[in-house]
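Quick note on labels: first sequence line is chain A, next is B, and so on, each numbered from 1.
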Amino acid sequence: MTIHFYNTLKRTKETFKPIDATRVRMYVCGPTVYDYAHIGNARPVVVFDVLYRLLRETYGEDHVVYVRNITDVDDKIINRAAESGETIGAITQRTEQAFLADMGALGAMPPDHQPRATEHIPGMITMIGKLIAAGHAYEAEGHVLFNVASYRAYGELSGRNRDEMIAGARVEVAPYKNDPADFVLWKPSTPDQPGWESPWGRGRPGWHIECSVMSEKHLGPTFDIHGGGQDLIFPHHENEIAQSTCAHGGAKFVNYWLHNGYLMAEGEKMSKSLGNFYTVHDLLKEFPGEAIRLALLKTHYRQPLDFRKVGIADAKKELDEFYLALRNAGDVKADVPDHPPVAVIAALSDDLNTPKAIAHLFELKTRLNVARDAGEKALLKGELLLAGDVLGLLGQSPDVWLRGAGHVGGLSDADIDALVGQRIQARAAKDFATSDRIRDELAAQGIILEDGAGTTAWRRQ
RNA sequence: GGCGCGGUGGCGGAGUGGCUACGCAGCGGCCUGCAAAGCCGUGUACACCGGUUCAAAUCCGGUCCGCGCCUCCA
């Protein structure tokens, strides 16, 4: 199946041609670990997780390399440590672990490599040295700055030219810059700030250089796909291109740039003062991670997404339907085909059209519910499971999902089973008053009963 | 000011010159002891104003509204 992506670099949809189909390489900008990930941080993680799954399906599981960095040196982290008194190491370790746990709860596979910035300082110093030697960077007052004028194609990704950028600049230009457009590769640290010895004195890296160095280490000077949020197009990705291209003697850095759209919450930009700042950590206390994942994937990745709690509730209800269909087909063993249904792969291959892929999942679900023939049911069940898998959905046991694993308080499973047993006896005796009373009691506690042929299934709402 | 993105039925959300998207909710029916689940049916939507066209939500021009970025801070 031919894959097409909207390439930010070309501002158009293009056919995807990997450099090496036996080693397709993708890099996605990861978190700065100073606080819990919010839902806006989760969108690229989930979206590019689907991309990773699609590429693994298309090119083979062992033929895709996915790198996502961990930024563990940054002024936001330094500031957070100064405010809270917690050490930088404690903050970054704790936050990184929370990030991995939260993203795991959203069904995101771990990337093949998750390099940390602080473990690549020597590589950054080497690359900065190369840039200076080649005339693409210069030292000034303990800083090393990238010489933007030395890279003709600067602005190619974001579609700006230098004059516009300078004219529109809102920020005062630092005095040590030769040119207002220049950006920092290395900056000096005070004794109380984290720093590393370098040819330019004790200091720390600028924001952009880490991605250039870590992508080079794991993926080489030129690779296939670089992803991230649209907010990173400028300056971060523009600067990565400039650094990497110039450090590699002009070799192309990345062939396909993919950017996910902005995210709002409850109709407004997320902010702590508005009370709509949703961390994944908090949302997971209220909703299953899979429902959050589906809520994110119901919108195409390049569209703006207004994330709402009612949207997660909708997604949860939809997942209930899928798991009900799977549970109701529990009498047959899934006949899992070698590949997901063509319609699903076709949708995802068209610039990751997850909403369209999900529509096909609904179609499979209906066909499964309608099917009577055991062989057909088994095949449809297998197709639905595999189609869900490429989206990172429907991987749980239906009973675990429907009975609400991890629920707290209320009736235990055994309590419910006992009441359901009593009700079955009452129904057998045509004692519908008792039968209905038990059902009402359970319903009051959020337990829904479904009478089937000779059995009664239950689920938590 | 510059660059860019978006406005689709009650809600979410694809699509894109003519053919049902899909889902949730609602309504009607089938099934059921009654429900639940499921199935079937049901909605003449594409911000506004012009233009092009046999035909536009889809192309062109303009207007309004919302959002983002514009360099050491995402």
Side-chain angles (χ1 to χ4, degrees), chain A residues 8 11 29 31-32 38 40-41 71 74-76 79 143-146 148 154-155 158-174 176-177 179-187 204-208 228-236 238-239 259 261-264 267-269 294-295 297-300 302-306 308 310-311 313-318 320-321 324-325 327-328 347 350 353-363 365-366 368-370 402 427 430-433 435-436 439-440 442-443 447-453 456-459 461:
Chain A
T8 306
R11 311 253 159 202
C29 290
T32 299
H38 63 247
N41 302 131
T71 298
D74 183 276
D75 286 0
K76 287 194 292 291
N79 294 337
H143 295 68
V144 179
L145 292 125
F146 186 87
V148 168
Y154 192 80
S158 55
R160 311 157 194 259
N161 64 53
R162 277 181 3 94
D163 291 342
E164 286 168 359
M165 286 184 267
I166 294 164
R170 299 177 302 189
V171 179
E172 282 183 44
V173 176
Y176 46 79
K177 286 187 181 183
D179 183 302
D182 293 347
F183 59 89
V184 168
L185 299 172
W186 187 263
K187 57 186 165 187
R204 59 192 193 279
W207 173 29
H208 317 294
Q230 274 176 12
D231 51 336
L232 297 177
I233 293 173
F234 189 87
H236 184 53
E238 196 70 74
N239 292 351
H259 291 98
Y262 297 108
L263 182 140
M264 298 200 302
E268 299 188 85
K269 185 174 177 176
L294 178 58
L297 292 177
K298 280 172 71 174
T299 299
H300 182 89
R302 283 196 289 113
Q303 290 292 112
L305 169 56
D306 182 12
R308 294 170 184 269
V310 291
D314 283 351
K316 198 269 183 190
K317 199 165 3 179
E318 289 164 10
D320 286 345
E321 290 183 12
L324 275 167
R327 177 204 251 176
N328 293 339
D350 181 13
N353 195 333
T354 52
K356 202 170 184 180
I358 291 164
H360 289 300
L361 257 62
F362 277 105
E363 186 193 328
K365 184 202 71 173
T366 299
L368 175 61
N369 281 330
V370 170
L402 292 167
R427 288 186 73 218
K430 304 261 191 246
D431 178 3
F432 296 122
S435 156
D436 290 353
R439 185 172 63 198
D440 291 346
L442 288 169
I447 312 298
I448 299 167
L449 302 187
E450 282 148 16
D451 294 330
T456 293
W458 61 265
R459 62 189 161 101
Q461 202 159 25

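Mapping A/Pro235 and A/Pro304 onto RNA chain B via the closest heavy atom, the residue that lands nearer the 5' end is A/Pro304. Comparing A/Gly452 and A/Leu145 against RNA chain B, the residue whose closest nucleotide sits nearer the 5' end is A/Gly452.
Across all strands shown, B/rC19 remains unpaired; no Watson-Crick or G-U wobble contact has both distances below 3.5 Å. The partner of B/rU63 is B/rA47, judged by Watson-Crick or G-U wobble contacts that both fall below 3.5 Å. If you check B/rC27 for Watson-Crick or wobble pairing at under 3.5 angstrom, you find it paired to B/rG41. Summarising the base pairing, B/rG68 is matched to B/rC3 through a Watson-Crick or G-U wobble pair whose two defining distances lie under 3.5 Å. As the counterpart of B/rU52, no nucleotide is assigned, since no Watson-Crick or G-U wobble pattern has both distances under 3.5 Å.
Taking the P atom of each, B/rG62 and B/rC70 are spaced 27 Å apart, rounded to whole Å. Nucleotides B/rG17 and B/rG41, compared at atom P, are 29 Å apart to the nearest Å. If you take atom C1' in B/rG13 and the same atom in B/rA25, they sit 15 Å apart, rounded to whole Å.
Using a 4.0 Å cut-off, some side-chain N or O of A/Asn369 falls inside it from OP1 or OP2 of B/rC39. One finds a side-chain N or O of A/Thr366 lying less than 4.0 angstrom from the OP1 or OP2 phosphate oxygen of B/rC39. Taking 4.0 angstrom as the limit, A/Lys356 places none of its side-chain polar atoms (N or O) nearer than this to OP1 or OP2 of B/rC22.
Between the side chain of A/Asp451 and the base of B/rC34, a donor-acceptor pair under 3.5 Å is found.
A salt bridge links A/Asp75 to A/Lys187: one of the charged nitrogens lies within less than 4.0 Å of a carboxylate oxygen.
Side chains of A/Asp451 and A/Thr456: a donor-acceptor N/O pair is present below 3.5 angstrom, by distance only.
If you measure from atom CD of A/Glu363 to atom P of B/rC39, you get 13 Å, rounded to the nearest angstrom.
Aromatic ring orientation, A/His208 versus A/His236: tilted (interplanar angle from 30° to 60°).
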From CA spacing to verdict: side chain to side chain contact (heavy atoms under 4.5 Å, CB included), A/Leu294, A/Ile358: CA-CA 9 Å; A/Leu294 178 58; A/Ile358 291 164; 3.7 Å; yes
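A/Asp74 places no side-chain N or O within donor-acceptor distance of the main-chain N or O of A/Thr32, the cut-off being under 3.5 Å.
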